[in-house]
Structure formats: structure tokens, C-alpha cells
Amino acid sequence: MKDDRMSAEATTRTRELAPQYDAAAIEGPIYREWLARGVFTPDGRSTAQPFVIVIPPPNVTAVLHMGHGLNNSVQDVLIRFERMRGRDALWVPGTDHAGIATQNVVEKLLAREGKTRFDLGREEFIRRAEAFVAETGTTILEQLKAIGCSCDWSRTAYTLSPALSRAVREVFVRLFEEGLIYRGHRVIHWCPRCHTSLSDEEAEHHETDGHLYHIRYPLTDGSGYVTVATTRPETLLGDVAVAVNPGDEAKRPLVGRTVRLPLAEVEIPVIADEAVELGFGSGFLKITPAHDANDFEVARRHGLPMPVVMNAEARMADESLDGRAGGRVPEGLFGMDRFEAREVILAMLRERGLLAKVEPYRLAIRRCYRCDTVVEPRLSDQWFVRMGSFAERALAAYRSGEVRFIPERRGDEFEQWLLNIRDWNISRQLWWGHRIPVWYCDSCLTHAAYREDPSACGKCGGPLRQDEDVLDTWFSSWLWPFSTLGWPDDTPDLRRYYPTDVLVTAPEILFFWVARMIFAGQHFMGRVPFHTVYLHGTVRDTQHRKMSKSLGNGIDPLDVVRLYGADALRFTVISSLAVGTDIILDPNDLATSFASGRNFANKLWNIGRLVIGEAEARGHRGTDSPAAGLKLEDRWILSKLDRVIRDTTRHLERFRLNDASGAPYHFLWDDFADWYLECIKPRLRGEEEGGDVALAVAVHCFSETLKLLHPVMPFITEALYTRLPGNEGRTLTTGPWPEPAGREDPAAEQEFAFFQAVVSATRETRASFGVKPSQLVRISVQADGSRFDQLSRQQRQIMWLARVSELSSEVRGAGVTVPLPDGATLHVELGEATDVAKHCERLRAEHQRLSKQLQSLRAKLENPGFVSKAPEQVVAAERAKAVDWEAKLAHLESLMRGLGCG
RNA sequence: GGGCGAAUAGCUCAGCUGGUCCAGAGCGCCUGCCUUACACGCAGGAAGUCGGGGGUUCGAAUCCCUCUUCGCCCACCA
């Protein structure tokens with residue numbers, strides 16, 4: 001219907017461009033075009049400085065969520081910006097085999113068939129997992145394409161690929177040879193559900209309500225008992241001593257005596273050790289070396305045995321590793337789950353009168369980061385990486401500024417972690433992953449790490465067997481910045497693109513991954529892998545809960561893409577991404593959550609319809625700015641354009657992404673669309689000279705702004721840019737990035753501001769007196785001669801923008817007069833029926849506000865402290881302001897007197 | 001337990017080195033408008049003692065202290 005009213009020439013084109021932006025129809029073809037042109041793949045011949053980002057590889061089993069959406073949008077903004085600036089931009093994509101996560105998924109699938117991995121056996125299980133990955137492993141990468149990610153897909157990497165596996169193996173062998181990898185016998189975090197040990201980082205702390213149980217251990221000589229306090233009574237069966245602090249005078253006499261361990265009925269000594277905190281609990285600490293890392297250290301100091309009383313499933317068992325302390329677990333408890341056993345044990349103790357007291361207690365337990373099961377500290381043999389030297393070098397790099405964090409405070413967390421680092425448990429009792437390249441010889445009882453699978457023992461020629469375990473997933477991820485570029489070979493990619501530039505990720509994996517990449521980069525490449533770590537916030541729901549599958553409060557980015565387009569999604573998250581803050585979205589109201597992006601995309605589209613339609617109608621081609629024949633509004637918008645180019649560039653360079661998207665947004669909407677395009681309509685219609693110049697300026701500004709927005713909204717900007725006449729077949733992806741062209745024009749901005757004030761004051765007056773838009777009014781402006789002359793050159797614009805039939809310099813009919821800046825006034829003819837009382841009310845309010853402000857300003861200027869201590873410029877500016885306000889106030893007063901307002 | 005951050009309009013948040021951004025944006029709300037790019041829009045408007053208290057300063061949302069409330073990271077006191 002609307003189209004019917006359009007002029008003939010505009011109609012031809014705007015019929016093609018629908019009034020509502022249809023992202024779904026636009027995005028797919030554009031992405032395919034980019035791929036076809038190969039714009040994301042560096043050609044290898046560029047002489048430009050490289051700019052490189054490696055993707056935080058999503059798990060192969062992962063499905064895109066808003067966290068990925070945010071993370072990858074940020075990376076894409078940065079890489080597109082630098083690509084447009086002419087850097088040799090490379091974004092390396094890929095996936096992580098995700099040991100535990102993937103194994104869990106495949107095991108779940110097997111469970112549906114009623115099978116366990118043990119039913120299949122190792123080889124068959126791995127075959128199944130590989131088949132699963134082959135089938136679904138590229139899903140998430142395809143999804144990244146839907147949100148516009150400009151990765152170089154020809155370099156897609158995978159942590160378990162042959163190439164990257166070779167890097168992993170090389171690293172293991174080197175560290176092994178350097179003595180930085182060792183076999184350790186100690187208490188580690190064990191996940192009874194995943195059946196594997198975990199690193200410290202993988203066992204997450206969670207505060208929980210629990211109990212502190214006070215249990216009596218009878219003295220062997222029958223002279224009484226000692227009371228220990230524990231949160232985990234089920235581990236009592238593994239106790240080998242009771243310890244007191246050596247400085248505890250009251251309890252010291254007991255040291256050297258023995259107590260009978262309840263239920264297990266073995267005799268254990270009372271010892272003295274510093275590990276016991278004075279004043280905590282009962283002062284007696286039970287020592288359970290196999291199920292508590294502290295107790296392990298105590299036992300080692302005292303040469304005590306270390307019986308294990310829980311098996312891999314955390315069921316009560318007796319697996320004494322040293323064979324000295326068998327038969328501790330009573331028959332009835334054997335095979336029982338640890339938490340069930342806890343209750344049974346408590347009941348037994350109670351029955352025997354050995355449970356002295358139970359009090360509520362808040363404790364931090366650790367849970368498996370993959371399955372949330374409470375981890376069991378458990379004595380075992382694992383492979384560890386010695387972290388000391390790594391941490392030292394990383395700390396030096398951080399302190400020297402070789403690597404920096406955004407936001408800065410994350411650097412403090414990094415430093416703290418480095419200072420308290422402990423060795424890294426890298427072996428996992430899983431099947432899915434890089435198998436540890438260590439072979440044991442049972443003949444000569446030696447073991448060694450091999451780069452190639454060995455056939456016989458290097459020392460004695462005897463048969464070998466390989467270590468059963470696989471490596472921690474992060475043991476491959478930490479090599480990502482160079483393993484993806486071909487290391488350990490000396491490849492052209494590696495020479496050209498290492499080190500990378502920026503790493504963009506969520507703060508959660510700062511230690512898991514970022515810190516360790518720095519370690520590996522320094523150790524194997526001699527340089528930190530990136531100079532900047534940009535840590536963005538977390539996506540949360542309106543209750544500020546992290547979006548997660550289990551809470552069901554997630555948003556599927558593809559839903560958003562389908563509904564509003566990838567650009568709307570990207571703009572929404574980027575524009576609310578202030579440094580260091582989280583993003584809050586409402587999963588139950590996508591329309592509201594993504595309104596700003598959707599609305600802006602639509603606005604862009606419609607600006608495009610206007611500009612493109614006019615350009616076509618006039619046969620205008622090209623995007624250059626005209627040099628001659630500029631009117632005030634042209635000079636003004638070009639001045640603003642220069643500023644927005646400068647600001648956007650600076651914001652992007654400083655990672656202020658919300659500002660980087662906000663600057664062109666406000667320029668385009670508030671300045672360009674609301675003022676400039678409206679201003680030039682009389683010229684475009686031929687009511688005034690200069691239509692072609694105006695259009696050329698409009699096309700130029702629009703085209704430049706599309707470039708500024710391209711990193712954030714790649715699809716719609718590309719779509720509109722290539723539709724500008726003369727741009728067919730071009731692409732924004734490779735730039736050039738706009739540069740300021742010396743067009744800042746303070747005089748034009750000042751003059752235009754006066755013009756805006758006239759228009760606004762007229763509109764305001766009309767609105768407050770209820771004048772219908774269809775009714776034109778006559779206005780007059782009282783200002784000094786040159787000012788009025790300037791203004792009258794904008795006569796057509798004022799008539800159009802403020803619905804005015806005539807602009808003059810003298811008051812001719814009844815109406816109201818309102819103040820303008822710089823002592824000028826505006827008179828709007830409203831006829832005899834003007835509601836004077838209402839107008840007085842407005843003026844009075846204005847008068848009151850202004851006089852209050854002036855009062856405090858005068859006080860300030862009369863303050864000797866201010867005048868003497870404030871910078872001269874500030875004082876002068878305040879003085880000028882006072883003069884201006886006084887004039888305005890006097891003016892208001894005369895207006896009020898004239899109306900008889902009183 | 002240690003370290004850190006945040007509290008600004010109904011909601012979600014900007015406000016970079018203390019004074020022309022002592023008050024901003026988006027959404028929501030109120031009043032007019034389908035003005036031949038856009039109702040996912042246009043014009044106009046209401047709305048906040050910048051968490052409480054104290055201090056530094058000529059001057060603080062902006063710096064310091066303290067209290068309150070949230071949040072994050074780290075943690076071998078059972």
C-alpha cells in the first residue's frame with residue numbers, strides 16, 4: 001500500500017528492497033560469496049604485518065550457545081577490523097577433542113544400548129567415539145558460520161588430529177627428557193563417576209552445608225579417649241594416626257600413646273605435627289593419608305602406612321597399596337557407596353557411644369567440573385608436570401608487560417595463581433585422548449617416553465607395555481597457538497603467524513588454558529603466544545545466573561539468527577559489552593533482549609533504501625565525497641563523520657567494543673538519519689538547489705559508516721554497500737578502513753547547532769500547545785543580522801523539519817516567544833487563541849531552573865578558592881557561562897513581563 | 001580464610017586521567033503522529049538526593065575511609 005504512494009522513480013528500486021530487513025534472505029548468500037572469494041584465507045604472499053587470533057577451540061561435542069556467540073562475535077569484530085585496516089589477518093579455527101566431555105557423551109550413547117565401554121573394549125570404544133566425532137564434530141563450526149565468523153576454514157585444526165597429536169607427543173617426550181614430567185605418588189582429585197583423576201583446576205570448589213562430627217577414639221590402655229573432629233567420618237577406616245599440635249601443652253602428654261580406631265579395630269599412634277591448627281575443632285586431627293592431601297604429607301613425614309579404603313567408584317574397599325594394612329573395612333560395609341557408608345558408620349558409632357557431637361558446618365567441597373560429582377581425594381600414581389620454572393618465566397613476562405590483560409585486574413588473578421602454582425596432574429584414566437607415550441619394561445623394570453612406538457625395550461630388548469592412561473585435554477590445548485601452525489615442523493605459517501596477537505576468551509579458563517598457553521609458548525617457542533588477553537564477561541539471565549543447559553535458561557544463538565539475523569545478535573551483545581562486565585539477556589523474551597540490534601539493523605536497511613533509491617533515481621555512482629558546493633548541513637555532517645571515524649577507530653584499538661559500536665550507531669541514527677537526511681529532503685525533491693551534492697554527501701557518509709559498522713554487523717553492511725550504485729561486486733571485508741579527512745568544522749557545527757535549536761524550539765512549542773503536525777505555523781527569529789542571514793539560508797529545511805510556512809525576522813501575529821541560545825528569540829504564531837497562562841507556566845519553570853543554576857554558578861565565581869586555584873581556562877569558561885545565563889534570564893524576564901505573567 | 005569488583009532513571013547498563021557530558025543510552029512509560037526510508041518508525045515528554053555515613057579538595061557519581069548489599073577469583077583448618 002505504501003509503495004503505491006511512492007514516486008515513480010523511487011518505486012522501481014524500493015520494491016526490491018522491502019521496508020523490513022529480512023536477514024535470513026541476505027546472510028546465507030553473502031557468507032557463501034565470502035567463502036568463494038577466499039577473503040578469510042591469507043594468500044601467503046601478503047607483505048602486510050600479520051594479525052592473528054586463534055579461536056578458543058570449542059569441544060567437538062558442543063552445540064553453539066550464547067557464550068560461544070559472544071566469544072566469537074568479539075573475535076570476529078577484532079579480526080575484521082584489522083583485516084580492513086590492511087593487516088594480513090588470520091583467524092585459526094578448530095575444535096578440541098575434550099577428553100572427559102566426549103567420553104561421557106559416547107558412554108551415554110552406549111548406555112542406551114545397555115552397554116558400558118568395558119563391554120566394547122578400548123579399541124572398539126575409540127572407534128565408536130571417532131565415528132561420533134566424524135558425524136557431529138563439525139556442527140559447531142558450521143554454526144559459527146551462521147553468525148558470520150571470518151575464520152580461515154582451510155586451516156581448521158583439531159586437537160586429536162594426527163598433526164596435533166604429533167605435537168603433543170613431541171612435547172611430552174621433550175619434557176620427559178628434560179625431567180619436567182615425572183611419575184608422582186600422591187593424593188589427587190579423583191572423580192568416581194568419570195573414573196579418572198583430575199587436575200586441581202578441574203576440581204571446582206563449592207561451598208556446602210555439612211556437619212562436623214566429633215568422634216571418640218578410645219585410648220588403648222582404657223584410660224579414656226580422644227575426640228577427633230571430621231567432616232568425612234567414612235574415611236575413618238583409613239586413619240593411621242591421631243595428631244595434635246606440638247605446641248598444645250594439654251594434649252602433648254598423649255603423644256606416643258595409642259588409640260583404638262573404632263570399627264576397624266586397629267591400634268594407631270597419637271603423634272605431634274604442625275599441620276594441626278591450634279584452637280580448631282577438638283584439637284585432635286585424624287590422619288587419613290590415602291584420602292586427604294594434607295594427611296598424606298603428615299603420614300610421609302612420620303613414615304606411616306597409607307591404606308586406601310575406597311575404590312575407583314568411591315565404594316568402601318580395601319586396596320592398600322603398600323599391603324601393610326589390609327582388612328580394615330568391616331564386612332558389612334564392603335562395596336557400599338561412600339555416602340551410604342557414612343550414615344552406616346555414624347549409626348555404628350552412635351550405637352557404641354563414640355559419636356560425641358554433631359554440629360552444622362559450612363565447608364568447601366570439590367566437584368568434578370564435567371559431571372559435578374563430589375571428587376574423592378585418593379592416593380595414586382599419576383604423571384605430573386613440574387610447574388615451577390614455567391610459572392617463573394610467565395610471571396616475568398607479565399611483570400615486564402610482554403603480555404597484558406584486559407581488564408587489567410585479571411592480571412592480578414593471574415599473578416596470584418602463578419605464585420601459588422602446584423604441579424600439574426596430566427594423566428587421565430580415560431580412553432579418549434592422547435595416550436601417554438611411555439612404555440614399561442617388565443624385564444628390566446624401566447620405563448621411557450618414545451617419539452615413535454617402540455617394538456622392544458631400548459635397554460634390555462625385553463617386551464614392552466604402554467601406559468594405559470591418556471593425557472589431560474588441556475595438555476593438547478596448551479600448545480594450540482603453535483601446534484595449529486605446524487609445530488614441531490618449522491613451517492612458513494609458524495614463522496609468519498607466531499606469535500599471535502590477541503586471545504579472546506572467558507575468564508573461567510584463564511588458568512586451565514590461557515596461563516598454560518603462555519607456559520608452552522615460552523618454553524617451546526621462546527616467546528609468549530600473544531601480547532593481549534581480552535577476557536570478556538559471562539552471559540547471564542535476568543536473575544544474573546550463568547546461562548547453562550542444566551538450568552534451562554540458555555538462549556540458542558541460532559534462534560536469534562533465525563528471528564532477527566546474525567547482525568542483530570552481534571550488535572546487541574557487542575554494544576552492551578563494556579570492558580569487564582557481564583551480559584544480561586532474558587531467555588524468555590528474545591524480542592526485548594535483542595530489540596536494539598534488530599531495530600538498528602532495520603534502521604540501517606531503511607536508510608539504505610532511501611540513499612540507494614535516490615542514487616539510482618539520479619544515476620549517481622560512486623561513493624566519493626564532493627569537494628565543492630557544500631551547504632551548511634553538508635559541512636556539518638562531514639565534520640561529524642570525521643569525528644565518528646576517529647572515535648570508532650580509537651575505541652576498537654582500545655577494545656572498547658560497546659563504544660566502538662555505539663559511535664557509528666549514534667552518528668547514523670541521531671545525526672545522519674534524524675537531521676541530515678531530513679535536512680536534504682527539500683534538495684532531493686528539487687525544492688532547492690544542490691540535490692546532487694547532497695546525495696553525494698549522503699552516499700559518502702553512509703558508505704563510510706557501513707565500513708565502520710562492518711566488523712560488528714558484517715552481513716547487512718556488505719549487503720547495503722554492494723547495492724550502492726558503482727559498488728557492485730565489491731566487498732567491505734578487505735577494507736579500506738575509513739580515515740578522517742580533515743573535515744572537522746567547528747564553525748559549521750556551531751551554526752548548525754543554532755539551526756537545530758530553532759527547529760527544536762519550534763517543535764517543542766508546537767507540541768506543548770497541541771498544534772497538529774498538519775497545521776503549518778509562521779515563525780520569526782530575532783537575532784543579530786548576520787546570524788539571521790545564516791539561518792535564513794536554512795529556510796527550506798526549517799519549513800520542512802518544523803512544519804513552518806514562513807520564517808521572518810519580525811514578529812507579525814499573536815503567539816508565544818521563547819528564548820534561543822545567545823540571546824536570540826523565537827516567536828511562534830499561534831493566533832489569538834493562545835493559552836497565555838500555559839505559556840507563562842513554561843517560562844516560569846525555565847526561569848526558576850535557570851536562576852537556581854545561575855545562583856550556584858555565581859557562588860562558585862565568588863569563591864576565592866575557585867578563582868585562585870582552578871585552571872584559568874575553567875574560570876574563564878565559567879565566567880562566560882554566567883554572562884550568557886544572565887542575558888538569558890533577563891530575556892526571560894522581559895518575555896514574561898510582556899505577557900503579563902507576573 | 002585470602003584477594004578483587006560492583007552498587008547511577010521501573011529494567012539492563014555507559015560515564016576513560018576529579019570542574020561544558022552533576023547527570024547519559026537502550027528497553028519500558030506518557031502525549032501527538034501511518035509526514036512518499038523506516039510504526040523494528042517520527043516528534044515531544046515524565047522519571048534518578050549517582051547504596052548509607054564520614055573525609056580529602058576551591059570543587060566528587062568520579063579520590064580516601066567506613067557500613068550495608070550483591071558478585072567474582074583463589075584457598076590443604078580437619
Side-chain angles (χ1 to χ4, degrees), chain A residues 1-7 10-11 14 17 19-21 187 205 212 228-232 243 275-282 284-288 292-297 361 363-364 377 407 409-410 412-413 416-417 420 507-508 510-511 538 542 544 564 568 572 575-576 578-586 591-593 595-596 598-614 654 656 658-659 662 665-666 673-674 677-678 685 760 763-764 766-768 770-774 800-803 860 863-871 874-875 877-878 880-881:
Chain A
M1 282 205 352
K2 272 177 197 167
D3 285 3
D4 294 342
R5 290 200 297 270
M6 282 178 187
S7 61
T11 311
T14 45
L17 302 185
Q20 289 235 332
Y21 174 54
V187 174
H205 285 273
L212 193 56
V228 302
T230 181
T231 53
R232 309 189 54 221
V276 184
E277 193 81 9
L278 277 170
F280 184 89
S282 63
F284 291 102
L285 173 64
K286 67 195 259 318
I287 303 300
T288 321
D292 186 288
N294 276 326
D295 295 1
F296 173 76
E297 295 300 327
Y361 189 70
L363 68 155
R409 64 188 168 85
R410 295 290 178 182
D412 297 336
E413 286 173 15
Q416 282 307 310
W417 185 77
N420 298 305
E508 291 100 86
L510 177 58
F511 307 132
T538 308
T542 47
H544 292 203
Y564 313 120
T572 300
S575 64
S576 56
V579 173
T581 61
D582 288 337
I583 292 209
I584 312 295
L585 295 168
D586 186 350
T592 301
S593 293
S596 65
R598 179 199 59 173
N599 294 354
F600 184 45
N602 194 238
K603 186 69 182 181
L604 262 173
W605 185 250
N606 279 290
I607 291 171
R609 291 176 69 216
L610 177 66
V611 173
I612 293 164
E614 283 295 337
R654 294 182 184 179
R656 300 187 64 93
N658 58 330
D659 292 329
Y665 170 93
H666 288 292
D674 288 351
L677 289 180
E678 291 304 321
R685 290 191 202 110
S760 293
R763 286 168 168 173
E764 213 175 296
R766 292 177 58 110
S768 81
V771 182
K772 292 247 179 274
S774 54
W800 164 242
L801 291 173
R803 307 264 132 190
K860 192 176 186 178
N863 181 340
F866 174 72
V867 180
S868 62
K869 293 188 184 174
V874 174
V875 178
E878 296 293 76
K881 201 156 71 178

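Chain naming here is simple, since letters A, B, ... match the order of the sequence lines and numbering starts at 1 in each. As the structure is a computational prediction, the values presented were derived from the model and not from experiment.
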Comparing nearest nucleotides in RNA chain B, the 5'-proximal residue of the pair A/Thr592, A/Ser768 is A/Thr592
Write down the distance separating the C1' atoms in B/G59 and B/G52, rounded off to the nearest Å. 23 Å
Nearest whole Å is fine: how far is B/C77 C1' from A/Leu363 CG? 12 Å
Calculate the interatomic distance between A/Arg803 atom CZ and B/U35 atom P; express it in whole Å. 9 Å
Base, sugar-phosphate, or nothing for A/Ala673, non-hydrogen atoms under 4.0 angstrom? base
Please state the C1' separation for the pair B/C73 and B/U66 - nearest whole angstrom. 24 Å
When you compare B/U12 with B/A7, how far apart are their C1' atoms, in angstrom units rounded to a whole number? 14 Å
Under the ring pair (Phe, Tyr, Trp, His ring centres under 6.0 Å) test, residues paired with A/Phe284 that sit two or more places apart: none
In whole angstrom, give me the gap between the P atoms of B/A47 and B/U56. 34 Å
For A/Asp412, which contact category applies under a 4.0 Å heavy-atom criterion: base, sugar-phosphate, or nothing? nothing
Looking for any heavy atom pair under 4.0 Å, which part of the strands does A/Asp295 touch: base, sugar-phosphate only, or nothing? nothing
If you look at every strand shown and take non-hydrogen atoms under 4.0 Å, does A/Ile607 touch a base, only sugar-phosphate, or nothing? base
Looking only at atom types and distance, does a side-chain atom of A/Thr538 sit under 3.5 Å from a main-chain N or O of A/Asp582, one as donor and one as acceptor? no
A/Arg409: which residues meet the salt bridge (charged side-chain N to carboxylate O under 4.0 Å, His left out) condition with it, sequence neighbours left out? none
Given 3.5 Å as the limit, does a donor-acceptor pair link the side chain of A/Arg763 with the main chain of A/Leu801, or not? yes
Between A/Glu297 and A/Val187, does a side chain to side chain contact (heavy atoms under 4.5 Å, CB included) hold up when you go through it step by step? CA-CA 9 Å; A/Glu297 295 300 327; A/Val187 174; over 6 Å; no
Reckon A/Thr581 touches a base, only the sugar-phosphate, or nothing at all at heavy-atom distances under 4.0 Å? sugar-phosphate
Using the criterion of both pairing distances under 3.5 Å for Watson-Crick and G-U wobble pairs, give all stems of 3 or more consecutive pairs involving RNA chain B. B:1-7 with B:68-74, B:10-13 with B:24-27, B:29-33 with B:41-45, B:51-55 with B:63-67
Can you tell me if the side-chain N/O atoms of A/Asn599 get under 4.0 Å from OP1 or OP2 in B/C38? no
For atom OH of A/Tyr21 and atom P of B/C40, their distance in whole Å: 17 Å
Ignoring hydrogens and angles, answer whether the base of B/A37 and the side-chain atoms of A/Glu678 contain a donor-acceptor pair closer than 3.5 Å. yes
I want to verify a distance call: between B/A78, B/C4, B/C42, whose nearest atom is closest to the A/Asp674 side chain? B/C42
Nearest-Å distance once atom P is located in both B/C33 and B/G26: 23 Å
A/Asn602 backbone acceptor or donor facing A/Asn606 side chain under 3.5 Å: yes
Select one nucleotide: of B/G44, B/C27, B/C40, the one nearest the side-chain heavy atoms of A/Asn602. B/C40
My understanding is that only residues two or more places apart in sequence, or in another chain, count here; which of them pass ring pair (Phe, Tyr, Trp, His ring centres under 6.0 Å) with A/Tyr564? none
Are any protein N/O atoms closer than 3.5 Å to N/O atoms in nucleotides 15-25 of chain B? If there are, list each pair with its distance.
from, atom 1, to, atom 2, distance (Å)
B/G15, OP1, A/Arg656, NH2, 2.9

If the condition is side-chain hydrogen bond (donor to acceptor under 3.5 Å, both in side chains), which residues does A/Arg656 pass it with, not counting sequence neighbours? A/Asp659
Measuring only between side-chain heavy atoms, which start at C-beta, is A/Leu677 closer than 4.5 Å to A/Leu610? yes
State which residues pass side-chain hydrogen bond (donor to acceptor under 3.5 Å, both in side chains) with A/Asp412; sequence neighbours excluded, sorted by chain then number. none
Using a 4.0 Å heavy-atom cut-off across all strands, classify A/Phe511 as base, sugar-phosphate, or nothing. sugar-phosphate
Please work out if A/Trp800 contacts a base, only the sugar-phosphate, or nothing of the nucleic acid, heavy-atom cut-off 4.0 Å. sugar-phosphate
Expressed in whole Å, how much space separates the P atoms belonging to B/G71 and B/C27? 29 Å
If the condition is ring pair (Phe, Tyr, Trp, His ring centres under 6.0 Å), which residues does A/Phe866 pass it with, not counting sequence neighbours? none
Just to be sure I understand the rule, does A/Val276 reach a base, reach only the sugar-phosphate, or reach nothing, if contact means heavy atoms closer than 4.0 Å? base
Residue whose closest nucleotide on RNA chain B lies nearer the 5' end, A/Leu677 versus A/Ala767: A/Leu677
Rounded to whole angstrom units, what separation is found between the CD1 atom of A/Ile583 and the C1' atom of B/C72? 17 Å
Answer with base, sugar-phosphate or nothing: what part of the nucleic acid does A/Glu764 contact at a heavy-atom distance below 4.0 Å? sugar-phosphate
In whole angstrom, give the distance that lies between atom CD of A/Glu413 and atom P of B/C72. 12 Å
Phosphate contact (B/A78 OP1 or OP2) by A/Tyr361 side-chain N/O below 4.0 Å: yes
Can you confirm whether A/Asp292 sits close enough to A/Lys286 that some side-chain heavy atom of one is under 4.5 Å from a side-chain heavy atom of the other? no
With sequence neighbours excluded, what pairs up with A/Lys603 under the side-chain hydrogen bond (donor to acceptor under 3.5 Å, both in side chains) test? none
Touch check for A/Arg598, heavy atoms < 4.0 angstrom, all strands: base, sugar-phosphate only, or nothing? base
Nearest to the side chain of A/Pro773, heavy atoms from C-beta on, is which of B/C27, B/G32, B/A78? B/G32
Nearest-angstrom distance, C1' atom, B/G1 to B/A9: 39 Å
Euclidean distance, atom CG of residue A/Asp586 to atom C1' of B/U12 [Å, nearest integer]: 11 Å
Using atom C1' of each nucleotide, how far apart are B/G10 and B/C29 to the nearest Å? 9 Å
How many Å lie between CZ on A/Arg410 and C1' on B/G5, as a whole number? 9 Å
Of the listed nucleotides (B/C38, B/A78, B/G44), which one gets closest to any side-chain atom of A/Ser760? B/G44
Distance test, side-chain N/O of A/Lys772 to OP1/OP2 of B/U35, below 4.0 Å: no
Rounded to whole Å, CZ of A/Arg766 lies from P of B/G44 at a distance of 12 Å
